[in-house]
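Structure first, then comments.
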Amino acid sequence: MVFFGRLRRAVLVAGAVTVAGLATSSPVSEPLAPPHRAITVGSGSLRLRAVRAGAGPVVVLLHGFGESLLAWEGVFDRLSREADVVALDLPGFGSSSKPRTGYSTDSLASAVLRAMDTLDIRRAVLVGHSMGGAVAAAVTVAAPDRVRGLAMIDPAVVSAPWLRGAGATSERNRDLVRRGIAGYEAFRMRFAGAHDPAWLAESDSAMAYNPATDADYVTALQAVLREFDFFYISPDRARRLQLPIIILWGEYDLTVSVELGRALANALPTSEFHVVARSWHRPHVERPAEVAALIAGFLRRLPDLQSPGDH
């Protein structure tokens, strides 16, 4: 399809520095609820940090590259007033396990499905930002019966911004870019942090963990950039996404442009598209009230949302 070919060529801004749009800073909104208690899901070598609150239809929140579940603070508390909301640290991020490999889009989707099993969630509405949007789409493709609706926020499914200026034919250049991004993310985590005791209650030992000093975190970041498919939405996968979809896009996103967002929405006939005014690549952090309201409205429009069997 011409559309998908155009998406793959639409990498317009040079320089790996654009990865800053994929990374995070601390959420700008004040906590709306007393501290929630962190939980751990999974077993064996892969364990994920999670937080869960609220009652009603199940919503699972998946963060973007370089982030953690803390990015959802402002949206989480608002949605938990009318939904059963779960936020996860994806493998490699936050306080979750950081294996050396296993970061393909489908592998991360499998980890999310296993977490849903552990939490006794049969069906959920998936909400994913940037890289997490691609993971949410991959869960939907792999297990459509487990997903009631899909919300993607500036999803990294049609462009690989970190490759800009990396030299498309040079593996050496791409490796240098991956190392630079991983080093930047580890440095940034010294200031952003992986914990917020005012919002998320954790044990003293958990609070002591600092990704910035964890060599496994740097290794995991490089592995994600090497293995993850930032062009996940192919024509075949687009045809398989036949469920209700809402796509939200920051008006001033320089990481993945709003024009690509509109083109993506046009390629997904069951989707609705909304531009979040005065926001960039992270509207759920920059405009949490608006994003939470849009997602809540999407939930209310879903057919048979309150039917039994989500748990």
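FYI, the numbering just counts along the sequence from 1. Just so you know, these numbers use all the heavy atoms, side chains as well, and skip hydrogens, waters and symmetry mates.
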task: Could you tell me whether a side-chain N or O of D89 sits under 3.5 Å from a main-chain N or O of L69, the two making a donor and an acceptor?
output: yes
- prompt: Are side-chain heavy atoms of L90 and V112 found at a separation under 4.5 Å?
  reply: yes
- prompt: Would a 4.5 Å heavy-atom cut-off, applied to side chains only, mark W72 and L79 as touching?
  reply: no
query: Does R240 have any salt bridge (Lys or Arg N to Asp or Glu O under 4.0 Å) partners at least two apart in sequence or in another chain, and if so, which?
result: D236
- line: Of V158, D154, L264, the one forming a side chain to side chain contact (heavy atoms under 4.5 Å, CB included) with V256 is V158
field: Pair E272 + R301: basic N to acidic O under 4.0 Å
entry: yes
message: Whether the side chain of E227 engages the backbone of Y103 through a donor-acceptor N/O pair (distance < 3.5 Å, no angle test) should be reported.
response: yes
query: Can R237 be said to sit on top of Y232's aromatic six-ring, NZ or CZ under 6.0 Å from centre and within 45° of the ring axis?
result: yes
- prompt: Where is the tightest heavy-atom contact between P283 and G250, given as atom of each residue plus distance?
  reply: CG-N, 4.1 Å
message: Quick check: do T270 and P244 have side-chain heavy atoms less than 4.5 Å from each other?
response: no
- prompt: With no hydrogens and no angle check, is any side-chain donor or acceptor of R146 less than 3.5 Å from a backbone partner on R122?
  reply: yes
- prompt: Does A38 offer a backbone N or O that forms a donor-acceptor pair with the side chain of R49 under 3.5 Å?
  reply: no
- request: Could you check H63, E67, H129 and say which one makes a side chain to side chain donor-acceptor pair (under 3.5 Å) with R282?
  value: E67
Any V58 side-chain heavy atom under 4.5 Å of R148 side chain: no
- prompt: Pick one: which of I153, L62, V75, L150 meets side chain to side chain contact (heavy atoms under 4.5 Å, CB included) with V127?
  reply: I153
statement: Shortest non-hydrogen pair, P155 vs W249, comes out as CD-CZ3, 3.2 Å
Nearest non-hydrogen partners of A138 and T105, listed with the distance: CB-CG2, 3.7 Å
- prompt: Is the backbone N or O of E286 less than 3.5 Å from a side-chain atom of S279, with the two atoms forming a donor-acceptor pair by type?
  reply: no
message: Set out, in order, the CA-CA distance, both residues' side-chain angles and the distance that settles side-chain hydrogen bond (donor to acceptor under 3.5 Å, both in side chains) for S110 and R114, then state yes or no.
response: CA-CA 6 Å; S110 178; R114 293 198 300 274; 2.9 Å; yes
message: Testing the basics here: between D84 and G56, what is the closest heavy-atom pair and its distance to 0.1 Å?
response: CB-O, 3.5 Å
- request: Report the residue from L241, L243, V125, V60 that forms a side chain to side chain contact (heavy atoms under 4.5 Å, CB included) with V147.
  value: L243
message: Using the side-chain hydrogen bond (donor to acceptor under 3.5 Å, both in side chains) criterion, which residues pair with Y252? Sequence neighbours excluded.
response: none
query: Can you tell me how far OG of S271 sits from CD1 of I246, rounded to the nearest 0.5 angstrom?
result: 9.5 Å
task: Check whether any side-chain N or O of S97 sits under 3.5 Å from a backbone N or O of S45 as a donor-acceptor pair, and report yes or no.
output: yes
query: With a 4.5 Å heavy-atom cut-off, do E290 and L248 have their side chains touching?
result: no
Heavy-atom closest contact (L126 atom, A136 atom, distance): CD1-O, 3.7 Å
- prompt: What pair of heavy atoms forms the shortest contact from S95 to Y209, and how long is it?
  reply: OG-CD2, 3.9 Å
